[in-house]
Undergrad: 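Submitted below is the structure of interest, expressed as structure tokens.
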Amino acid sequence: MPLNRIEMDRPHHPAPDVVLPHAPLARYYGQEQHRRRFLRRLFDDTAAEYDRVECMMAFGTGSWYRRQALKRAGLLRGMKVLDVAVGTGLVAREAALIVGDPRQVIGIDPSPGMLVEATRSVAVRLVIGRAEELPVKPAAFDFLSMGYALRHVSDLTLALGEFFRALRPGGTVCLLEITRPRGFLTRALMRCYMKGVVPCLSRLTSRRADPQLLWEYYWDTIDKCVEPEEVLNAMSEAGFHDCRRHVEIGIFSEYTGRRPLRNGRDS
């Protein structure tokens, strides 16, 4: 399926203060302005391995969980969905099954490599784009999802503002994330698993070292990510109402919010 670009219609507003999802990780990209280039290269290089390693990790993020999370957030048959940071299509695939028609789902990602892999398993429309500058018209979607990529945006405020713009009044945003465990022992075990066990398994089953770097980077972004309360506050500041966090087994966060039915912040 060819990759597409969609006409944009975006009003211009003064740029708000930047809110990083986590402090810059100098080990990977030196300076914050290099993060975007590092991430594109990382995901392009690991696209062919991503689904296999993700499945091997089997940390509760399988298709059943993703489908249930979307349903909990209110995704229904017939809705029009925008899946941001679609990657290889793991969330978009479940969304298409729920809404009943893959043509109702559009997936956006900045990585051409990931989008090429997505074309192999999903029939949704795929578009090159970034969360911070969505190439979509305003108020075009009933539901917006993002699976495990909030940690990779350059600015939470900017991205959430774009999510708000893309949704129709009454539309729902659903952000799936892995949250750092609060308990010391659980945190240590998870760190060992993601930075030790998973990279080791990826080395045994792949000729490339890239998957190891990917999962090490994943853990570091999880470990340094802002607290859930800050995510919910950023959602509210972007204009979303009924902002909530549902948690599964202490680490899988499902952030949801609703764009008000009327203009402004009044519900």
Side-chain angles (χ1 to χ4, degrees), residues 5-6 8-44 82-87 91 106-112 114-115 127-141 144-167 171-180 214 217-241 243 245 253-259 265:
R5 294 186 182 276
I6 302 177
M8 287 187 288
D9 180 11
R10 180 184 294 102
H12 295 283
H13 299 291
D17 293 337
V18 173
V19 179
L20 301 177
H22 55 76
L25 300 174
R27 171 192 171 190
Y28 299 101
Y29 44 79
Q31 300 179 24
E32 178 61 25
Q33 59 264 37
H34 299 150
R35 182 214 296 247
R36 182 177 171 184
R37 181 169 52 188
F38 164 78
L39 285 173
R40 176 165 174 172
R41 183 175 66 250
L42 179 66
F43 286 109
D44 279 348
L82 180 65
D83 186 43
V84 182
V86 64
V91 173
I106 293 178
I108 288 179
D109 201 281
S111 166
M114 285 286 185
L115 291 178
V127 181
I128 294 175
R130 302 168 57 235
E132 302 91 336
E133 193 175 4
L134 293 175
V136 301
K137 294 182 178 181
F141 298 91
L144 186 149
S145 58
M146 174 182 257
Y148 312 107
L150 195 65
R151 291 169 284 116
H152 306 320
V153 303
S154 62
D155 182 357
L156 288 179
T157 299
L158 194 58
L160 289 167
E162 282 291 271
F163 297 172
F164 187 91
R165 182 184 68 84
L167 284 168
T172 297
V173 63
C174 173
L175 311 174
L176 306 182
E177 255 311 340
I178 302 176
T179 303
R180 179 181 63 247
L214 173 67
Y217 177 75
Y218 256 45
W219 165 254
D220 286 339
T221 58
I222 292 168
D223 189 41
K224 303 299 183 183
C225 191
V226 297
E227 294 295 329
E229 293 77 14
E230 294 181 64
V231 175
L232 291 170
N233 182 64
M235 292 174 66
S236 295
E237 288 296 316
F240 289 104
H241 280 193
C243 299
R245 174 184 175 232
S253 294
E254 302 165 17
Y255 299 99
T256 58
R258 179 179 56 83
R259 176 168 175 168
R265 301 195 177 195

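Position 1 is the first residue of the sequence, and the numbers go up from there.
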Undergrad: Can you name the salt bridge (charged side-chain N to carboxylate O under 4.0 Å, His left out) partners of E227, sequence neighbours left out?
TA: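 Once residues adjacent in sequence are excluded, the partners of E227 under the salt bridge (charged side-chain N to carboxylate O under 4.0 Å, His left out) criterion are R180, R182.
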Undergrad: Would you name the heavy atoms of M114 and D44 that are closest together and state the gap between them?
TA: N-OD1, 4.3 Å
Undergrad: How long is the span from the CD atom in E230 to the SG atom in C225, to the nearest 0.5 Å?
TA: 8.5 Å
Undergrad: How long is the span from the CG atom in L115 to the CZ atom in F43, to the nearest 0.5 Å?
TA: 12.5 Å
Undergrad: With rounding to the nearest 0.5 Å, note down the distance linking CD1 in I108 to CZ in R130.
TA: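 Interatomic distance, I108 CD1 to R130 CZ, rounded to 0.5 Å: 12.0 Å.
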Undergrad: For the backbone of G171 and the side chain of R259, can you confirm whether one donor and one acceptor N or O come within less than 3.5 Å of each other?
TA: no
Undergrad: Which of these passes side chain to side chain contact (heavy atoms under 4.5 Å, CB included) with C243: V173, T256, L232?
TA: L232
Undergrad: Do the ring planes of Y217 and Y29 sit parallel (below 30°), tilted (30 to 60°) or perpendicular (above 60°)?
TA: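 Answer is perpendicular, since the angle exceeds 60°.
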Undergrad: Between R40 and R36, does a side-chain contact (heavy atoms from CB on, under 4.5 Å) hold up when you go through it step by step?
TA: CA-CA 6 Å; R40 176 165 174 172; R36 182 177 171 184; 5.9 Å; no
Undergrad: Please check this pair: side chain of E132 against backbone of L158, looking for a donor-acceptor N/O pair closer than 3.5 Å.
TA: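 A pair under 3.5 Å: no.
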Undergrad: Checking T157 against E237 for the side-chain contact (heavy atoms from CB on, under 4.5 Å) test, could you report, in this order, the C-alpha distance in whole Å, the side-chain angles of both residues, the deciding distance, and whether it holds?
TA: CA-CA 8 Å; T157 299; E237 288 296 316; over 6 Å; no
Undergrad: Report the C-alpha separation of R151 and Y218 in whole Å, then their side-chain angles, then the decisive distance to 0.1 Å, and conclude whether the side-chain contact (heavy atoms from CB on, under 4.5 Å) test is met.
TA: CA-CA 9 Å; R151 291 169 284 116; Y218 256 45; 4.1 Å; yes
Undergrad: Test Y255 against every option in L160, L176, L175 by the side chain to side chain contact (heavy atoms under 4.5 Å, CB included) rule and name the one that passes.
TA: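 Between Y255 and the candidates, side chain to side chain contact (heavy atoms under 4.5 Å, CB included) is satisfied uniquely by L175.
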Undergrad: Taking only residues two or more places apart in sequence, or in another chain, which ones meet A131 in a side chain to side chain contact (heavy atoms under 4.5 Å, CB included)?
TA: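 A131: side chain to side chain contact (heavy atoms under 4.5 Å, CB included) contacts with V84, M146, V153, A159, F163.
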Undergrad: Suppose we screen for salt bridge (charged side-chain N to carboxylate O under 4.0 Å, His left out). Which residues come up paired with R27, at least two apart in sequence or across chains?
TA: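 Listed in chain order: E216, D220.
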Undergrad: Do L150 and V231 have side chains that get closer than 4.5 Å, going by heavy atoms?
TA: yes
Undergrad: Heavy atoms only: give me the nearest A238-G161 pair and the separation to one decimal.
TA: CB-N, 4.2 Å
Undergrad: Any idea which heavy atoms bring V91 and D83 closest together, and the distance?
TA: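 Smallest heavy-atom distance, with atoms named: CG1-OD1, 3.6 Å.
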Undergrad: Does the side chain of L156 come within less than 4.5 Å of V226's, by heavy atoms?
TA: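 Answer yes - side chains close enough.
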